[in-house]
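In what follows, chains carry the letters A, B, and so on, assigned in the order in which the sequence lines appear, proteins first and then strands, with residues in each chain numbered from 1. Excluded from the calculations below are hydrogen atoms, water molecules and symmetry mates; all remaining heavy atoms, backbone and side chain alike, are included.
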Number of protein chains: 2
Amino acid sequence: MTQATTGPGGTDEASPRPGRLSADDWARAGLHLLMTEGRQAVKISRLCSDFGVTKGSFYWHFADFDALMSAIARLYFSRELDAARGLVAVEAMPVEERLETMAAMLVDSRAFEGEAAVREWARADESVAAAVRDLDQRILRVVHEAFVELGFSEPEARVRAGLLVYAGIGFVYGRSALPVPTVDEIHEILALLMRRDG
Amino acid sequence: MTQATTGPGGTDEASPRPGRLSADDWARAGLHLLMTEGRQAVKISRLCSDFGVTKGSFYWHFADFDALMSAIARLYFSRELDAARGLVAVEAMPVEERLETMAAMLVDSRAFEGEAAVREWARADESVAAAVRDLDQRILRVVHEAFVELGFSEPEARVRAGLLVYAGIGFVYGRSALPVPTVDEIHEILALLMRRDG
DNA sequence: ACCTGAACACCGTTCAAGT
DNA sequence: ACCTGAACACCGTTCAAGT
């Protein structure tokens, strides 16, 4: 069988049998569709025709559509551990560099369509929503901690961290409508938030 | 006509014929479903069974599902003119009160589920996305103008207005995961943004 | 173990026919 | 003018049968 199944993910890394698919293959293709064409493009029949198999094949690997979505979520958030590990790496930096790096990450982040798609999807899937909440809280904690280290009081740090993180989340959604801040403007924002009273 | 059709929107205001529905009835019921149960709950068959009619009835009033959605969008944004008119009313206020009112509106706004639902929906419907963009840009312009009136330079005002509006948008999405700012904290945020250099 | 093929339920869509 | 009833396409789901 020399037929090159024109399906996605042509990563021929010693699959058990030539044409056979794994659950991971389905999840990967589903994640790709989710990222590139949005939530409503993820359909079993679409994946089947992309892979050139029938739906029965899908139902061998997954109980139902939600199971596929959960697998995609696990896949996405296991990659997203990179972002979380990025958070860990960031915590080792000196405070001011740390805040600059985080602000740059919030605004300049990779895969924005992906981020927005996942958050939209989170509204329909509680397990995804929980994962997004965890990530947001973790980011808030790191930013808050940074302001505390800079010498701000608890309430001062809370206000500054909240403003910055909410703005970052808003940026994921609103950037298509509103002007995107430049690097210089990000510097100004941080200078503004790090300024001391009086 | 004592028969109380148990459908939604029981606003008996002299309908042309007892049991007959108008396109507006469908849009109103659809908007209600959208707000209360989310985008994926808005289904023609669901509305039909709620109204106690067949699908043919729906297709008398609308060309297809997208036409229903457009009608819902028009309905929503005509109500949302209240918010836009709120914007107009707000422009008459003295600057500092104006900013406080807007910040309070962003955070304390009515119908949050509705706001988030509409923005989610905007990702799938370009006409809705355009309406949301218009509203966001309008808000940004008003906030930006306020900072200019306070004596800030163009770039200073842009940074401050952008930060505040992005945070407001982020709040619509992130408030389920992150702590909700108190009234005092909103005051602090504004004080922070209105503080002059040096 | 992995997939085909044929069936079914559900939902959007069409249309001729009713009042 | 507004709706019924019956049809069809599409998609998720099931399952017996194939290799």
### Query
Taking the side chain as C-beta and beyond, is there a heavy-atom pair between A:Phe62 and A:Ile44 under 4.5 Å?
no

### Closest non-hydrogen atom pair, A:Trp26 against A:Leu68
O-CD2, 4.1 Å

### Query
Side chains of A:Phe147 and A:Leu99: closer than 4.5 Å at any heavy-atom pair?
yes

### Atom-to-atom span, CD of A:Gln40 to P of D:dG12 - whole angstrom
13 Å

### Query
Any sub-3.5 Å donor-acceptor pair from A:Ser70's side-chain atoms to A:Asp66's backbone N or O?
yes

### Query
Are side-chain heavy atoms of B:Arg28 and B:Asp24 found at a separation under 4.5 Å?
yes

### A:Glu156 side chain to A:Ser153 backbone, donor-acceptor under 3.5 Å
yes

#### Entry: Where B:Val128 and B:Ala73 come nearest, the two heavy atoms and their spacing
CG2-CB, 3.8 Å

### Task
Let me know the distance between NZ of A:Lys43 and P of C:dC11, rounded to the nearest Å.
15 Å

### Message
Counting only side-chain heavy atoms from C-beta out, which of D:dG12, D:dC3, C:dT4 sits nearest to B:Trp60?
### Response
D:dC3

### Query
If you group Ile, Leu, Val, Met, Phe, Trp and Tyr by side-chain heavy-atom gaps below 4.5 Å, do A:Val159 and A:Met194 land in one group?
yes

### Task
Heavy atoms under 4.0 Å is the rule here; annotate nucleotides 13-19 of chain D 5' to 3' with B where the base is hit, S where only the sugar-phosphate is, and - elsewhere.
BBB----

### Task
Compare side-chain N and O positions of A:Ser45 against OP1 and OP2 of D:dC10 and report whether any pair is under 4.0 Å apart.
no

### Message
Could you tell me how far apart B:Asp25 (CG) and D:dC2 (P) are, to the nearest whole angstrom?
### Response
11 Å

### Task
Could you tell me the separation between the CZ atom of A:Phe51 and the C1' atom of C:dT4, rounded to a whole number of Å?
17 Å

### Message
OP1 or OP2 of C:dC3 versus the side-chain N and O atoms of A:His61: is any pair under 4.0 Å?
### Response
yes

### Query
Should stems be defined as at least three consecutive Watson-Crick or G-U pairs with both distances under 3.5 angstrom, which of them involve DNA chain C?
C:4-8 with D:12-16, C:12-16 with D:4-8

